[in-house]
Amino acid sequence: MQNVEKIIEILKKTVPEHPYRSHNPFHILIATIISQRTKDEVTYTVANKLFAKFPRPKDLKNASEEEIAKLIYPAGFYRQKAKKIKEVARIIDEEYEGKVPGDIDELLKLPGVGRKTANIVLARGFGKKAIAVDVHVHRISNRLGWVHTRTPEETERELMKIIPKKYWGEINSLLVMFGRTICRPVKPKCEICPIKEYCEYYRSHANSQSS
DNA sequence: AAAACGGGGGC
DNA sequence: GCCCCAGTTTT
């Protein structure tokens, strides 16, 4: 699988950059919680509004759940998320001196933080080597034939074997954008895909379908 | 293992 | 009008 590095380099030149460029770990964490089962444009809009009003853990801790819920309303799951966001802010302010922990086990203790969210915070917020597997990474890795897996955990383990470590932190952003623009869940745009020649899915569907 | 949370957008 | 979407938590 020497191709993996080549494929990633092609994607890096072709795929648009991930639009959420904050490197503030707390903002990454809260924005990622908001993003769960939510379209990303909506996520950025409401996250920016939220941080404009309550930028620091201490600010969000002191905000009311109703106030938070109102600001993130369009993202859906707003009551649940508002409660989690307030509690996460409180824990970080009171138990971690206002700093998001850069450790997977500590992150997983936070409400609303599962494996995917924790890995995104580590990768994007701290620049650590962590592979965050969401539906895009899972789908695309299987389509390409990099893995043949059923669960995200399994995908994460297998990807760690075949993706060079230097790409771990950015593979999620890259594949999410690739998945949005080209390798969509339904009707992937294989005609214009820059890596179709390396794709198992494309080879097996090359004759039968184009749309 | 399945249900529940949820508004917005694509078709 | 139906179905899916940067998942996590509860049943």
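Chain identifiers are assigned alphabetically (A, B, ...) following the order of the sequence lines, protein sequences preceding nucleic acid strands; residue numbering begins at 1 within each chain. Small disclaimer: the values here were computed from a predicted structure and weren't measured.
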J.: Over all strands shown, is A/Ala75 touching base, sugar-phosphate only, or nothing at heavy-atom distances under 4.0 angstrom?
T.: base
J.: Within this structure, what is the NZ-to-P distance between A/Lys116 and C/dA6, rounded to whole angstrom?
T.: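 That distance rounds to 12 Å.
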J.: Which part of the nucleic acid does A/Lys39 contact within heavy-atom distance under 4.0 Å: base, sugar-phosphate only, or nothing?
T.: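 Base contact.
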J.: Could you tell me how far apart A/Leu110 (CG) and C/dG7 (P) are, to the nearest whole angstrom?
T.: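 Computing the A/Leu110:CG to C/dG7:P distance gives 19 Å.
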J.: Considering only C/dC4, C/dA6, C/dT8, which nucleotide approaches the side chain of A/His136 most closely?
T.: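 Comparing C/dC4, C/dA6, C/dT8 against the side chain of A/His136, the answer is C/dA6.
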J.: Over all strands shown, is A/Arg180 touching base, sugar-phosphate only, or nothing at heavy-atom distances under 4.0 angstrom?
T.: nothing
J.: Is it true that A/Glu87 and A/Arg90 make a salt bridge, defined as a side-chain N closer than 4.0 Å to a carboxylate O?
T.: yes
J.: With a non-hydrogen cut-off below 4.0 angstrom, is A/Val186 in contact with a base, only sugar-phosphate, or nothing?
T.: nothing
J.: Hey, does A/Thr32 reach any base, or is it just sugar-phosphate, or nothing, if we go heavy atoms under 4.0 Å?
T.: nothing
J.: Please compare A/Ala31 and A/Val113 by the position of their nearest nucleotide in DNA chain C and report the one closer to 5'.
T.: A/Ala31
J.: Using a heavy-atom cut-off of under 4.0 Å over every strand shown, decide if A/Thr117 touches base, sugar-phosphate, or nothing.
T.: sugar-phosphate
J.: Please determine if a side-chain N or O atom of A/Tyr78 lies less than 4.0 Å away from the OP1 or OP2 oxygen of B/dC5.
T.: no
J.: Taking OP1 and OP2 of C/dG7, is either one under 4.0 Å from a side-chain nitrogen or oxygen of A/Arg115?
T.: no
J.: Name the closest nucleotide to the A/Arg37 side chain, picking from B/dG6, C/dT8, C/dA6.
T.: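 Closest nucleotide to the A/Arg37 side chain: B/dG6.
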J.: What does A/Lys84 touch in the nucleic acid at a heavy-atom separation under 4.0 angstrom: a base, only the sugar-phosphate, or nothing?
T.: sugar-phosphate
